[in-house]
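Sequence positions, counted from 1, serve as the residue numbers for this chain. Remember, it's a predicted structure, so these values are computed and weren't measured experimentally. FYI, side chains are in, hydrogens and waters are out, and symmetry mates aren't considered; it's all heavy atoms of this structure.
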Amino acid sequence: MSMMTRKSEKSMRTLEMLRYQAEHYQAIGRGAMSQQINARIRRLVNQINADAVKA
């Protein structure tokens with residue numbers, strides 16, 4: 001398995017974990033925390049897209 005594939009798989013797992021956390025915090029009324037996590041999600045998605053363009 002290539003290093004890029006491993007990095008991609010790790011990024012996708014991290015993305016799913018962050019999405020779960022954002023939904024959880026939103027559900028329990030912690031909007032500010034949810035917004036912080038959504039910002040991390042956006043940064044990660046941007047990084048994934050940038051890495052895909054390089055490949």
Tell me, please, which residues at least two apart from Gln47 pass side-chain contact (heavy atoms from CB on, under 4.5 Å).
Lys7, Leu44, Asp51
Rounding to 0.5 Å, atoms CD (Gln21) and CD1 (Ile41) come to a distance of 8.5 Å
Which residues end up grouped with Val53 if you chain together Ile, Leu, Val, Met, Phe, Trp and Tyr wherever their side-chain heavy atoms are less than 4.5 Å apart?
none
Measure the spacing between CE of Met12 and CD1 of Ile48 and express it to the nearest 0.5 Å.
5.5 Å
Measure across Ser34 and Ala22 and return the closest heavy-atom pair with its distance rounded to 0.1 Å.
OG-O, 3.2 Å
Do Ile28 and Ile37 share a hydrophobic cluster (ILVMFWY, side-chain heavy atoms under 4.5 Å, transitive)?
yes
Give me each pair satisfying salt bridge (Lys or Arg N to Asp or Glu O under 4.0 Å) with a member in residues 27-48, each pair once, sequence neighbours excluded.
none
Is the shortest distance from a Lys or Arg side-chain nitrogen in Glu16 or Arg19 to a carboxylate oxygen in the other one below 4.0 Å?
yes
Atom pair CD (Glu23) and CG (Asn38), whose distance is rounded to the nearest 0.5 Å:
9.5 Å
Could you state the interatomic distance from OH (Tyr25) to CD (Gln36), rounded to the nearest 0.5 Å?
9.5 Å
Hydrophobic clustering (ILVMFWY, side-chain heavy atoms < 4.5 Å, transitive) - are Leu18 and Tyr20 grouped together?
no
Distance check, rounded to the nearest 0.5 Å: Ser8 atom OG versus Lys10 atom NZ?
12.5 Å
Please report the shortest heavy-atom distance between Gly31 and Gln26, naming the atom on each side.
CA-OE1, 4.2 Å
